[in-house]
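Remarks on the structure that follows.
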Amino acid sequence: IQRLNELEAQTRVKLNFLDQIAKFWELQGCTLKIPHVERKILDLYQLNRLVAEEGGFDLVCRERRWTKIAMTMGFAPGKAVGSHLRAHYERVLYPYHLFHSGTNLPVSLTYRLNASDQYCVRSEGGEGCENRPNLRRRMGSFVAKPEPGKHLTFASNLTSLRSLVDLYVCLMCGTGNDEDRLLLCDGCDDSYHTFCLIPPLSDVPKGDWRCPKCLAQECSKPQEAFGFEQACRDYSLKSFGEMADSFKSDYFNMPVHMVPTELVEKEFWRLVGTIEEDVTVEYGADIASKEFGSGFPIKGGKFKVAPHDEKYLQCGWNLNNMAMMTPSVLTHVTADICGMTLPWLYVGMCFSSFCWHIEDHWSYSINYLHWGEPKTWYGAPGFAAEQLEAVMKKLAPELFESQPDLLHQLVTIMNPNTLMAHGVPIYRTNQCAGEFIITFPRAYHSGFNQGFNFAEAVNFCTVDWMPLGRQCVEHYRLLNRYCVFSHDEMVCNMAMKADRLDVVLASAVQKDMRLMIKEERELRDKVRKMGVVQCELFKYDLLADDERQCVKCRTTCYLSALTCPCRPGVQVCLHHGHDLCSCPVSNYTLNYRFTLDDLYPMMNAVRQRAESYDEWAARVTEVLEAKLNKKRNVTVFRALLEESNEKSFPENDLLRQLRLVTQDAEKCSSVAQQLLKGKRQTRYRTGGGNSPNQLTVEEMRSFVRQLYNLPCSLTQAPLLKELLNSIEDFQQHSEKLLSDEVSADSVSEIESLLEEGSQFDVFLPELPLLRERLEQTRWLAGVQQAEDPVSNPCGLSLDCMRRLIDRGVGLTPHPSTERTMARLQELLTISEEMEEKAQALLKARPPESLEKLSSMLTQVDGVPAYLPNCLLLQDTVNRAKDWLQEAEDLQAGGQTPVLRSLSDMVLRAHAIPVRLEPLDQLEVLVSEVQAWKESAAKTFLIKNSPFTLLEVLCPRWEVGSSLKKKMRKVKGEGVSSGKKKLVKLDSMSDVERALSDSKDSASAMFTLAEVRLKEQESLCSLRAANESKLLPTADCAALKVCVCQKPPMGAMLQCELCRDAFHSVCVRGPSDPLDPEAWLCPLCLRSTKPSLAKIQTLLSSLQRIRVRLPVGDALRYMIERTGSWQRRARGVIDSYDHSLTSQDCRGDWGVSGQEQSVFYTEQRCIPLQGLSLELEELMVEGLLLQVSVPETQQLYRHLLSAATSHSHKGEAITSAEKKAKRRMNREETEIRDRGIKPKSKKQRMGTEKRRERKEASVSASDVSQSEDSEEDMTQCPAEKCLQPEGEEVYWVQCDCCNRWFHMICVGVSAELAAEEDYMCVTCSTTNAGRRK
């Protein structure tokens, strides 16, 4: 029967203490009630121990340490627990402490009485005795009261004192006063005052009361040794199982197979550690298999063995065979030892346990669980046995004081966690059905059953146990513990069978026997020196073990013992010769089983049997235990193994160790060789097989240590040590680099380390860290490069920052990268915020002020990043400042601004997203100018006119541009290759640009004067050319006139300005053909020709606007030109004969001019023959004026009247013809002077007709151009003129339209132009259309 809370050592100590306290108070007539503090039972044992450790009750009270004790016991401070503990200690424990210290015992009185003359005289049959209630009562009615004034003295007559039968006095104070407070002991009838007791009693106890002397006698009785009680009930296996299953299912309230092992284990250790709960279980332990049968089949047993189980009869794992197998030493023990050589059976239930113990004689044990629920085992290695014993003695010294061999009684357990907390190594396992558990010599083990199960166990001893068995006997002798068998007897039995012993066993027996004989010789010498002279041969092996035990140490005697005639059947071993009896030593007799001379031959026989093995074992031991430079090569180990095979040495531990060391050395050599080759190899682990992984550095370090710890030497060891040193240097370098801050400059160093580390065939944890560090340094280098103003002058862009941050997110966190990441993230956030603000400012509608944009730029100045929007904002601010400066300069300057500049400023201001204050004024000014231009256009332009206002107001510079001089530029004739000083005015855009770029009105007037010269030259040339087409010699069919460009036919109209002919059906003629009014063709009539007063009003309004524009300059120039022309025209008009003006200018136009056979002109026109150049130019200029002035019509009528009066004089040669002749003569002279022959050209027409056309062309060109402006009018009409320059420029003339082209522009060579006719692209297309 096992009470769980009595099993645990510390709990049993507490229970024993509580039993003593309870017994103490029970003898005092009180019942012990354990107090509660803070709703839990007060641990009186801990309280008593803590008070004792603190110096005792008085010291604790004096120094007020009760709060400290309360906190040590686990109570929360601040709740006055200390005062409660003091009260409980003083009431319950302090009297017990005084009792143990002896303070409560009475002091020596001044008188002493014999036992028959006690001061408490009892009468044999007196009334007093009869009336005394149960040996304890109040003593008032039985005490003799002295007379008043007289005191009872012990000096009175002894006879009178004895006569006072009922006189009772207190043994403490020696008086009989306060009779009602006198107590009579129920054990010895001594009397004590309640207030004289230490401590004093406040009330009379209700139950039996013992005086301090009786209490001391009762409590000093020795305590019974603790042991398990035997159950009164007998069980069968079935009934025990039913009881066990019922207990477990009821306790855990679930089916037994569903209770987790962890829950059972936790509950078991809770129950053994508590004193509040008392759980009792039963355990069927140490059941003899010889009596009740075995779980294994037994040959000749009670049960018939099934055929398929017969193989187990001789099986070594059958525990009935294991203990007595040939290798087992126990086969040489003659007696059957139940539980050691014969198995014991164990039937367990839930919580039934086996306490901490080691096997008898420190033997091996094997336990097999046949069936049932698991066993939970706890074990400590054999080397920790003494440590475990010391811890248990330290934690429960009270138990070991009464039972020194407590751990051999199998009745005490201690929590493994407590042992481990004190440094004892503990291991646990669960043994399931069908599993074996083996314990090694002196290995403490304990455990408990998880439920109903059935197990069987037995002991066995192998050869290696021999020295441990002798040590165990010595240990038993110190503990006065009996031996199960005689170790010396077993050794002698083996020695007597030396010829049949296994060589390994013989070697072990020889070693053990040498120690045995040495000790025996020393002990016999000691006895001889003591004076023992009698010797006698005695066969102790014929006695039972319990009849030959040493009376002192209980050791089983075999080789010798001492006896004395005074004590028959009693003997002592030679170790305790002085403990036999008090008789003289000469009376002792030395009984011996063998003489020393008998023992030596036995040992020699064993030695001869083991000699060959011992020599081999000595060499093996030598090589296995060799140190440092004395280690042998692995080939020596192989040779020893071969020798063992040749001599057929049996399998033993030494041979197995040699084989294992050799195998380890060979495997280590192979692994070391592979590591040195630098290949990726597997690593060797003892018992673990091969692993495809690389060795770690620690494993390699351990492997190198293993190489050096091997009993043999390997050639690869120093090489591998050198490799390990290189790896450790690499690790130190890597750790130093990894401990430093991440730097962008360490990229190359990390790369070299990675290259070095990759060459080691070892798993290096630094490599992934170095790779991470390399990524970090590369990233930092990328950041540094991106921020470098030399390599990246623009600075960090937003995309670059995002890419760097995205790369940095994947990096392993590090303070350096984290700081850089935070800085980049902050910079990105600020940059994005700045960009958004800049974009918002740029897109703001209405635009923001320049000050706000400038303030924004001050914030951007400190941001080290490339911000496009901010740069655009900077550019916008700069442009705005430049524009404002320009506007300020425009306002501050004294010159009148030009419209083009104003318009350009307005356009540029609209492109600047900034609120510009002067812009509104400029827009108003430009709008006023535009309104003025519209008003001027309405004044001048004809409805649906193809001409612009500037074209109308400017001189007609483009008139006659289609006619080019028939010339070829040669050296000295053309324009020089240098730049021209004057601006080219080749188009209206050039004129407008020149007028806009002019600094003042004078420059504009100069430019318009140049255009006017071109106008006059061009118009003269055009008039001459058109006039020549209408000569009588002209071929009318080849002419192209009018807007339709068809030959003249029928009634024609001739323009007074350009002198071209127009079909009357193509253009609108004059309302009255006979009215003397100049008729202008649609190309010459460009405007409505308003009155001069009207246009002067326009100019005045423009001057009020104070803006210069090309149209205004042209209008001013036209007014000035008109005024100049008016003055000249009036002079001419006034000089004419007034009589001519009164003539009727009407006449028949059709008969006054040339005779035409195909066409005729309808209106009268001023003939050019006979008209002076000055008058013609004056008239032409008047017609060119876009102003309606009366002088124009007056001059026209005068000239028309004058021409009519001279038309009948028949002048043959006109001034134009004279001019043409002079031009031709001059050209021929220049050609002759220069020595240049004109290029000939084939033409289709006849020589005569060609000469006429040339004359007309030359005449027209002479009239149209002056000598000073010849070079300016030489323009190539090709669509893409290359404008060649140089010393000689060659020209070619179209034979159809007579226009001149650069040869290089039309792709004609000089030879081709001289030999063949040339027709331009335009004429070729026209002729091809006509032919179709």
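One-based numbering along the sequence shown. For the numbers below, each heavy atom of this structure counts, side chains included, while hydrogens, waters and symmetry mates do not.
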Side chain to side chain, S1188 and P1090, heavy atoms closer than 4.5 Å: no
Any residue meeting salt bridge (Lys or Arg N to Asp or Glu O under 4.0 Å) with E1181, in chain and number order, not counting sequence neighbours: R1012, R1121, R1128
Judged by atom type as modelled, is there a donor-acceptor pair below 3.5 Å linking the side chain of S1124 to the main-chain atoms of E1120? no
Which residues pass the salt bridge (Lys or Arg N to Asp or Glu O under 4.0 Å) test with R1059, not counting sequence neighbours? E1027, E1056
Determine the interplanar angle of the H1302 and W1291 rings, folded into 0 to 90°, and report it as parallel if under 30°, tilted if 30 to 60°, perpendicular if over 60°. tilted
Using the test salt bridge (Lys or Arg N to Asp or Glu O under 4.0 Å), find all partners of R1068 that sit at least two apart in sequence or belong to another chain. none
Strictly distance-based, threshold 3.5 Å: is any side-chain N or O of S935 a donor or acceptor partner for the main-chain N or O of A931? no
Please round to the nearest 0.5 Å and tell me the distance separating atom CG of L1109 and atom CG of L1102. 5.5 Å
N1026 side-chain N/O to C1058 backbone N/O, donor-acceptor pair under 3.5 Å: yes
Intermediate values then yes/no, side chain to side chain contact (heavy atoms under 4.5 Å, CB included), L1085 and Q1186: CA-CA 9 Å; L1085 185 62; Q1186 303 300 322; over 6 Å; no
Presence of salt bridge, R1086 and E951, under 4.0 angstrom: no
Under 3.5 Å donor-acceptor, H1063 side chain and C1044 backbone: no
Heavy-atom side-chain contact between C954 and L1008 under 4.5 Å: yes
Does L1098 offer a backbone N or O that forms a donor-acceptor pair with the side chain of W932 under 3.5 Å? yes
Is the backbone of T939 close enough, under 3.5 Å, to the side chain of T1088 for a donor and an acceptor to pair up by distance? yes
